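Throughout, a chain's letter reflects where its sequence line sits, starting with A, and its residues are numbered from 1. Just so you know, these numbers come straight off a predicted model, no measurement behind them.
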Amino acid sequence: MLDIKLIQNDFDSVCEKLRKKKVSEETIEDLRKISLELKTKRALLEPLQAEQNASSKLFGVWAKEGKDINELKEKLSLNKQKISTLNSEVKEIENALSSLALTVPNLPDDTVPNGVDENDNVEIKRVLTPPSFDFEPKEHWEISQNWIDFQRGVKLSKSRFSVLKNEAAKLERALINYMLDFNTKRGFSEVAVPYIVNRETLQGTGQLPKFEDDLFKIEGEELFLIPTAEVPVTNLFRDEIISESELPIKMTSYTACFRKEAGSAGRDTRGMIRQHQFDKVELVCITKPQDSDKIFDEMVECASDLLTSLGLAHRHLMLCGGDLGFSAAKTVDLEVWFPGQNRYREISSISNTRDFQARRAKIRYKDSKKNRLVHTLNGSSLAVGRTLIAIMENYQKKDGSIEIPEVLKSYM
RNA sequence: GGACAGGUGGGUGAGUUGGCUGAAACCACAUCCCUGCUAAGGAUGCGUACUGGUAACGGUACCGAGGGUUCGAAUCCCUCCCUGUCCGCCA
């Protein structure tokens, strides 16, 4: 959620920044108008309440002293009516304000490049050179090793579900353990969290109220399957005031993730790139505002080094404003080389949301004087399924066999 | 799922014949004083959000959430959520 005061005081610069994210000026103007209206209404209401409080006290005193209270009572009853009317108006405006405010995305950092979609993202650097093959490398679904069973995944559930078998199932498990160990050595402590969460939790990180269609909902309950570990892990500290000495909090968590992929009809229907259920090892950090840039770099480095340790060529992309997610102020994507597809594909996305989620989720820390909003960051390190198929494609041999990367052998 | 008991500030925890309690006490924390060595003692301050004011200092709301009764509710009533204990069920 944006800081309403910022909208009131610095309207033009907020509009300017949100233009990068394709948000219209009218929306911000509405926000500003409603917030001002609320202020005015409250200014009307509060003196009445003050008077009511004072007179009610007097009422008690007079009654005790045996004075005549009939006139006072009449006055108070009348005032009560006025308060009640005004109060419901105020509540209405409050609701309008918060439901609008919750749908406005975060402001992009000044360093975020302009652009409309993924084509305008800016490549920062490449790490490792893609392998060369003396044969035509296959796509992962063409490598017949009896590793991935797409048909039976569909039979059990529906399209975009699959089953891992034999070495693949083992490799998936090895990757999860390897990634968690790798991240732990970098100072991220491991947490295991629920895969089913409530509305407040999803609102805290920004998935709700706007993106309910992307989530799997549990029928008959106000509960949802998590689309990423970012949701439960960040919300661990929702409605909490953290003491300054505990920061930064650096966590890593393995979870399954569930997404409806509602907006992705027809995209990546082949293979395991885009599934309704996938495994991911996530990094989440809670920091003081002044530390979040440094921690962001650490997270990018962690995920990138993890890929390097697996021998996977990849590149760093700075997302442009138009491709930035709802909650993110800045995002770096890591794309890994897929020889079969002959292109780089996203395997990790690291974002600094600054105080956007912290304001929604009321995550604060106590610095010696005041309570301040923290900064929250999240990033994949890494998407496990995509890492698995990246290994398949990059480590395939002419005879169709797949080599296991050196660092994983002890995990198999 | 059933029965009973509860949900108060960063924490523990008073306050339930409605008014003088936004909330005692203790702990934690901050500043200062004393003392001087692996510690202790004393003083003061200290809930959150919004809002008026240059400031001093005020106002409003908040005692799990939402409604209700009342001139007035942490205190009474209703609904929901959560926690504990016992029972039932079960990896």
Carboxylate-amine/guanidinium proximity below 4.0 Å for A:Glu335 and A:Arg343: no

Look for any protein N or O under 3.5 Å of an N or O in nucleotides 55-61 of chain B and output each such pair with its distance, or none.
residue	atom	partner	partner atom	Å
B:G59	N2	A:Glu46	OE1	3.3
B:U60	OP1	A:Asn53	ND2	3.2
B:U60	O3'	A:Gln49	OE1	3.3
B:U60	O2'	A:Gln49	OE1	2.8
B:A61	OP2	A:Asn53	ND2	3.3

Taking side-chain hydrogen bond (donor to acceptor under 3.5 Å, both in side chains) as the definition, give me every residue that meets it alongside [X], ordered by chain and number, with sequence neighbours left out.
X	value
A:Ser243	A:Ser245, A:Glu246
A:Gln49	none
A:Asp117	A:Asn119

Calculate the interatomic distance between [X] atom [atom1] and [N] atom [atom2]; express it in whole Å.
X	N	atom1	atom2	result
A:Leu58	B:C20	CG	P	14 Å
A:Glu246	B:A28	CD	P	17 Å
A:Glu200	B:C82	CD	P	11 Å
A:Arg372	B:G10	CZ	P	17 Å
A:Asp239	B:A65	CG	P	11 Å
A:Ile241	B:G9	CD1	C1'	10 Å
A:Asn371	B:G9	CG	P	14 Å
A:Asn87	B:C62	CG	P	9 Å

Test salt bridge (Lys or Arg N to Asp or Glu O under 4.0 Å) applied to A:Arg345 - qualifying residues, sequence neighbours left out: A:Asp268

For A:Asp293, all residues meeting salt bridge (Lys or Arg N to Asp or Glu O under 4.0 Å), sequence neighbours excluded: A:Lys330, A:Arg354

Base-pairing mate for [N] - Watson-Crick or G-U, with both contacts under 3.5 Å:
N	value
B:U44	B:A30
B:A14	none
B:A39	none
B:G22	none
B:C4	B:G84
B:G58	B:U51
B:G66	B:C78

Within 6.0 Å of NZ in A:Lys125, more than 12 heavy atoms from elsewhere: no

Plane angle bin for A:Tyr195 and A:Phe258 - parallel if under 30°, tilted between 30 and 60°, otherwise perpendicular: tilted

In whole Å, measure the gap between the [atom1] atoms of [N] and [M] for me.
N	M	atom1	value
B:G88	B:A23	C1'	41 Å
B:G6	B:C63	C1'	14 Å
B:U48	B:A40	P	28 Å
B:C71	B:A14	C1'	29 Å
B:U16	B:A73	C1'	11 Å
B:G7	B:G59	P	30 Å
B:G11	B:C29	P	15 Å
B:C81	B:G66	C1'	10 Å

Min side-chain heavy-atom separation A:Thr252-A:Val281 under 4.5 Å: yes

Sub-4.5 Å side-chain heavy-atom contact between A:Val112 and A:Leu319: no

Under 4.0 angstrom between A:Lys5 side-chain N/O and B:U51 OP1 or OP2: yes

Phosphate-side-chain proximity, A:Arg364 and B:A49, N/O vs OP1/OP2 below 4.0 Å: yes

Can you pull every protein N or O that's under 3.5 Å from an N or O on nucleotides 67-71 of chain B?
residue	atom	partner	partner atom	Å
B:C71	O2'	A:Ser56	OG	2.9

Touch class at under 4.0 angstrom, heavy-atom based, for A:Lys362 against every strand present: nothing

Partners meeting ring pair (Phe, Tyr, Trp, His ring centres under 6.0 Å) with A:Phe216 (sequence neighbours left out): A:His276

Residue-level proximity of residues 33-43 of chain A to RNA chain B when a heavy atom falls under 4.0 Å: A:Lys39, A:Arg42

Return each pair, listed once, that meets salt bridge (Lys or Arg N to Asp or Glu O under 4.0 Å) where at least one residue sits in [range]; pairs must be two or more places apart or across chains.
range	result
residues 31-43 of chain A	A:Glu29-A:Arg32, A:Lys41-A:Glu89, A:Arg42-A:Glu94
residues 196-213 of chain A	A:Arg199-A:Glu212, A:Arg199-A:Glu222
residues 154-182 of chain A	A:Asp149-A:Lys165

